[in-house]
Amino acid sequence: MTIEAIQQEIIEEFAGLGEWMERYNYLIDLGKDLPAIDPAFRKDEYLIRGCQSRVWLNADLEGDRIVFTADSDAIITKGLAALIIRVFTNHTPAEILAANLDFIDKIGLKEHLSPTRSNGLVAMIRQIRYYAMAYKAKMKN
Amino acid sequence: MTIEAIQQEIIEEFAGLGEWMERYNYLIDLGKDLPAIDPAFRKDEYLIRGCQSRVWLNADLEGDRIVFTADSDAIITKGLAALIIRVFTNHTPAEILAANLDFIDKIGLKEHLSPTRSNGLVAMIRQIRYYAMAYKAKMKN
Amino acid sequence: MEIFPVERIREDFPILKQHVYGKPLVYFDNGATTQKPVRVIETINRIHREQNASIHRSVNWMSDHMTQLYEDARKTIRAFIGAGKISEIIFTAGATASINAVAFSFGETFLEPGDEVLISTMEHHSNIVPWQLACERRGARLKVIPITDAGTIEMDAYRNLLGDKTRIVAVTHVSNTLGTINPVKEMIRLAHERDIPVLVDGAQAIQHTAVNMVDLDCDFYVFSGHKVYGPTGIGILYGKEQWLERLPPYQGGGDMIDRVTFEKTTFNELPFKFEAGTSNYIGAIGMAEAVAYISEIGMQAIHEYETGLRDYAAGLLSAFPGLSQYGTAPDKTAIFSFVLNNVHPFDTGMILDKFGIAVRTGTHCTMPLMNRFRIEGTVRASLCFYNTHQEIDRLMEGLQTVTDMLA
Amino acid sequence: MEIFPVERIREDFPILKQHVYGKPLVYFDNGATTQKPVRVIETINRIHREQNASIHRSVNWMSDHMTQLYEDARKTIRAFIGAGKISEIIFTAGATASINAVAFSFGETFLEPGDEVLISTMEHHSNIVPWQLACERRGARLKVIPITDAGTIEMDAYRNLLGDKTRIVAVTHVSNTLGTINPVKEMIRLAHERDIPVLVDGAQAIQHTAVNMVDLDCDFYVFSGHKVYGPTGIGILYGKEQWLERLPPYQGGGDMIDRVTFEKTTFNELPFKFEAGTSNYIGAIGMAEAVAYISEIGMQAIHEYETGLRDYAAGLLSAFPGLSQYGTAPDKTAIFSFVLNNVHPFDTGMILDKFGIAVRTGTHCTMPLMNRFRIEGTVRASLCFYNTHQEIDRLMEGLQTVTDMLA
Ligand SMILES: Cc1ncc(COP(=O)(O)O)c(C=O)c1O
Ligand SMILES: Cc1ncc(COP(=O)(O)O)c(C=O)c1O
């Protein structure tokens with residue numbers, strides 16, 4: 001599925017949900033379902049800094065695609081991280097860099113991606129793009 | 001004449017004057033009439049600090065009375081200084097310390113004695129009282 | 001005791017009528033900043049519309065008048081904190097700026113290699129980092145008074161730490177995270193027995209309790225306008241005259257000088273020596289108005305009402321299953337730091353937010369205190385005299401939902 | 001050229017309707033502080049009534065929202081001064097605080113005994129004293145660029161003073177006493193040829209002319225909110241990222257740290273590293289509103305109108321018998337410093353005050369400049385875009401009265 005299609009899928013999932021409590025409950029379930037990150041990556045080097053809820057992110061290249069894993073100590077943040085991972089994982093660096101991330105706004109969780117929320121998600125998305133840039137450069141060589 | 005009576009006299013003089021321009025002209029005349037202070041006293045030790053228009057003040061004891069001389073480089077300030085001198089000079093330290101200085105308010109020049117005017121007159125009056133205290137102490141010995 | 005007219009008082013704070021996500025705002029983030037009564041708002045408004053002019057060194061009527069208001073503000077603050085002299089009241093940009101001024105100027109003059117600065121485990125970063133920087137510059141050492149599990153100063157340890165090398169004690173009056181009211185008067189007495197001066201960080205005390213500088217006998221006391229119902233960008237440094245006179249100025253600029261030549265500058269007298277540049281005179285006047293407002297309500301009445309709120313909230317929070325409180329000193333303000341079992345404070349905060357309840361989560365600028373309790377952060381609800389018992393009930397409902405959703 | 005709608009603009013400034021001693025206010029003290037347009041007043045009012053909450057590190061909606069406004073304010077300032085990066089815009093308490101921050105942090109890192117700091121004869125005390133203090137602390141020396149009788153930098157002398165020991169140049173963009181617009185771009189170019197950084201004091205420039213940091217290529221630029229039609233207690237320090245990163249933080253406290261332990265503190269990234277404590281976020285947002293307001297009018301339009309005012313006033317003042325002007329550079333703002341023959345500036349100011357004309361008298365925090373001209377002080381009329389030709393006529397009438405009464 002394309003990044004666009006996955007976002008569309010998520011938007012449809014959320015369309016069936018009621019107000020904030022149902023959405024949060026869904027995020028919490030997503031957070032719980034996301035497997036804990038490999039302890040090898042639950043380390044400071046993989047930590048996204050500058051936020052209250054800590055987010056760890058790892059990226060591996062498998063073939064020409066990047067596979068992301070993530071974790072967080074806060075469960076709602078983790079649920080959001082799970083969504084972001086689901087959108088980006090298993091795509092090529094070029095696809096990731098070209099993607100237009102708008103589903104979070106459309107599912108009514110915009111405030112969680114405001115740069116002023118110290119939940120680390122903005123930094124996580126930035127980090128995902130950095131990984132994509134780095135792997136793209138690597139693949140060229 | 002008592003300090004009280006001199007103040008009363010000044011108030012009556014000003015009662016005959018019109019609005020600010022006449023009052024200022026009168027002050028300017030008083031300033032011009034006040035003889036320049038003895039150059040020996042136009043020095044930093046006699047300068048009242050912390051103001052834009054500089055005021056110099058000297059006090060001598062003659063018998064049991066204090067004689068003040070003053071000067072300023074700004075003429076309106078000098079006129080006001082002349083009035084203050086006229087009120088206080090030639091009185092005993094005890095009289096000076098007991099005096100209630102209210103004529104400036106009554107002649108409509110209150111703003112010149114606000115502590116926020118940097119014309120040095122508030123500091124001058126404080127200094128006059130310091131001299132009176134000092135001489136009073138001296139006379140006791 | 002008269003009933004505290006909280007509903008009438010709430011009318012004085014326009015912002016309390018706001019709704020967040022359609023729910024009436026419950027503002028429990030007073031430890032971070034307080035809301036402004038209409039008197040303060042209107043004072044600032046009026047100055048901007050009718051009176052603004054630069055203060056000091058002026059001949060014009062407007063400037064005279066502003067200067068008068070500014071210096072009157074200083075008198076209001078002096079009276080409010082019971083300081084001895086007008087010249088001991090310095091307007092700064094805030095509590096942090098005040099502490100930095102003392103840490104720098106005191107450090108330059110009195111700290112030598114090997115000397116010690118004594119602070120407590122519960123200090124706000126603003127009362128840690130300036131001292132770290134000063135110690136680093138001067139080769140001095142920072143010593144830390146330990147605290148108990150309840151979040152109170154270990155007084156025996158404090159006595160032992162006060163030593164021949166201690167040059168100054170810097171301690172918070174009230175902990176911004178725990179609410180603990182420290183026995184500062186006794187701590188000052190003990191320090192003074194050894195001629196050690198004490199700086200008290202009053203940022204979380206001044207708005208909740210009457211203070212008196214002469215009675216407290218502290219050497220420095222600092223606080224922020226925005227935490228005492230006044231505007232941002234203004235604060236107070238109180239210092240005993242004999243100390244302020246011995247300290248070199250902190251910043252250079254307009255107003256703090258007597259004479260400047262390129263060879264040598266002599267400094268103005270107190271308090272101006274420590275007020276470099278155009279001061280935030282509108283902020284100062286706004287803060288004085290805030291202080292006048294709470295003085296009229298009465299610090300005693302505020303204290304009693306807030307104590308009632310505190311006891312009510314403490315009772316409910318203690319009874320809440322799976323909730324751990326940090327800061328359980330008997331003598332404390334209505335600040336509550338807590339964590340729900342297995343729930344990250346940030347999750348709690350996000351859900352409370354949806355109920356229109358504004359709390360703060362995280363370390364509250366007290367990371368060393370978090371380390372002491374081996375936690376990553378807490379949820380903090382900090383109350384003041386415009387809060388109500390009903391609002392506490394709403395917090396409890398919110399916490400119940402958090403538990404239902406997450407625990 | 002369109003006609004500048006000064007009457008409509010005056011409507012935006014409520015205070016301009018004030019009367020003093022029954023006379024309509026003529027506010028010619030804009031060099032000291034400027035008045036606030038209604039947009040700024042209402043922005044502050046609205047925040048106080050509806051939006052106030054502490055910024056950064058928060059989970060609640062109100063705080064999110066305030067943080068957004070604050071960071072948007074930073075973006076507005078960045079765009080206004082044409083800085084390259086958001087992280088280069090630091091909110092401070094004012095121009096004086098900004099200069100102190102640089103003088104301290106730069107001094108600690110880059111000044112060694114024997115090094116030189118180069119300033120000019122026309123600096124404001126706020127751009128002299130912080131450097132004196134830094135030089136004293138570090139054993140460095142202050143060197144002074146001379147000026148001509150017209151009040152312009154002696155460029156040859158400047159070239160010669162730039163030497164191997166010069167570590168930094170600190171120079172005002174526009175003189176607050178003379179109005180001279182210094183050739184800072186050229187001065188920066190010359191300093192950069194020798195790898196010497198330059199701090200420009202923009203306190204009197206930013207409100208009168210468009211500036212662009214990238215074009216100017218200065219290393220630091222400072223100004224105050226209250227002089228650019230914004231509130232008091234707020235200012236800007238612009239610094240090139242590569243410099244700000246190399247400088248140690250100035251003040252310690254909340255928000256400027258990354259992690260604090262008692263052993264070691266690591267600092268937050270730019271711009272927060274230099275914003276210790278709760279910043280004056282309401283002031284910052286108010287200042288951004290002011291800057292947005294004048295940007296809408298257009299800095300070019302303002303500059304042209306003010307140039308017209310300047311030429312009109314300069315002509316009348318030059319023709320006035322017995323009046324000596326200080327600061328007659330061709331390239332200057334509408335700031336006029338003058339003395340009437342045999343009349344003390346203070347007397348002039350007192351009489352103008354009675355006409356409702358607010359000027360400033362004295363040394364204008366530039367005592368060394370007064371020494372250069374061997375005078376005790378001047379009368380200063382400083383105009384801006386809400387002033388009118390008629391107001392200048394009233395000043396001239398006032399001066400005629402002063403002459404009649406005193407000369
Ligand atoms: C040229 C110049 N620099 C610096 C300052 C200091 O500004 P502030 O007093 O707002 O800190 C001023 C204002 O007085 C000034 O005119
Ligand atoms: C105990 C304590 N000290 C100091 C400060 C710093 O105050 P400000 O950020 O207003 O400078 C705070 C506020 O955050 C505080 O709670």
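Here is how names work: the chains are called A, B, and so on, in the same order as the sequence lines, proteins then strands, and each is numbered from 1.
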If you count heavy-atom pairs within less than 4.5 Å of chain C, which of [options] leads?
options	value
D:Val359, D:Thr366, D:Ile44, D:Ile234	D:Val359
D:Tyr21, D:Trp131, D:Trp61, D:Phe13	D:Trp61
D:Thr33, D:Leu133, D:Val260	D:Val260
D:Val129, D:Ile99, D:Asn100	D:Asn100
D:Gln35, D:Glu136, D:Glu42, D:Met350	D:Gln35
D:Gln251, D:His48, D:Glu123, D:Met62	D:Gln251

Original post:
Of C:Val144, C:Thr363, C:Ile128, which is the lone residue that meets side-chain contact (heavy atoms from CB on, under 4.5 Å) with C:Pro368?
Top reply: C:Ile128

Could you tell me which portion of [X] (side chain, backbone, both or neither) has an atom closer than 4.5 angstrom to a non-hydrogen atom of chain C?
X	value
D:Glu263	backbone
D:His364	neither
D:Asp353	side chain
D:Ile119	side chain
D:Ala93	side chain
D:Lys17	neither
D:Phe267	side chain
D:His124	side chain
D:Gln18	side chain
D:Arg259	both
D:Phe104	side chain
D:Asn280	both
D:Leu25	side chain

Does any heavy atom of chain D fall under 4.5 Å from the side chain of [X], the backbone, both, or neither of them?
X	value
C:Ala358	both
C:Val40	neither
C:Thr34	backbone
C:Gln132	side chain
C:Glu108	side chain
C:Ile282	both
C:Val20	side chain
C:Leu16	neither
C:Asp29	side chain
C:Tyr27	side chain

Atom [atom1] of [X] and atom [atom2] of [Y]: how far apart are they, to the nearest 0.5 Å?
X	Y	atom1	atom2	result
D:Ile351	D:Phe346	CD1	CZ	11.5 Å
C:Arg380	C:Asn176	CZ	CG	5.5 Å
C:Cys135	C:Lys143	SG	NZ	11.0 Å
D:Arg360	C:Asn60	CZ	CG	7.0 Å
C:Asn127	C:Asp201	CG	CG	5.0 Å
C:Asn371	C:Glu376	CG	CD	8.5 Å

Backbone of [Y] reached by a side-chain donor or acceptor of [X] within 3.5 Å:
X	Y	answer
C:Lys273	C:Ile257	no
D:Thr361	D:Thr378	no
C:Ser98	C:Val222	no
D:Thr67	D:Ile55	no

Original post:
Would you call the rings of C:Tyr70 and C:Phe91 parallel, tilted or perpendicular if under 30° counts as parallel and over 60° as perpendicular?
Top reply: tilted

**OP:** Output, in order, the C-alpha distance, side-chain angles, deciding distance and verdict of side-chain contact (heavy atoms from CB on, under 4.5 Å) for D:Leu69 and D:Gln51.
**Re:** CA-CA 10 Å; D:Leu69 292 177; D:Gln51 304 176 313; 3.8 Å; yes

**OP:** Please lay out, stage by stage, how C:His56 and C:Tyr281 fare under the test ring-ring contact (aromatic ring centres under 6.0 Å, His included).
**Re:** CA-CA 10 Å; C:His56 293 156; C:Tyr281 54 90; 9.0 Å; no

Looking at [options], which has the largest count of heavy-atom pairs under 4.5 Å with chain D?
options	result
C:Ser54, C:Gly233, C:Gly277, C:Gly356	C:Ser54
C:Ile41, C:Thr96, C:Asn52	C:Asn52
C:Leu142, C:Ile357, C:Thr92, C:Asn45	C:Asn45

Original post:
Heavy-atom distance under 4.5 Å between the side chains of D:Leu118 and D:Ile145, does that happen here?
Top reply: yes

Subject >> C:Arg141 atom CZ: more than 12 heavy-atom contacts under 6.0 Å >> reply: no

Subject >> D:Glu50 atom CD: more than 12 heavy-atom contacts under 6.0 Å >> reply: yes

Original post:
Is NZ or CZ of C:Lys36 both nearer than 6.0 Å to the six-membered ring centre of C:Tyr229 and within 45° of the ring axis?
Top reply: no

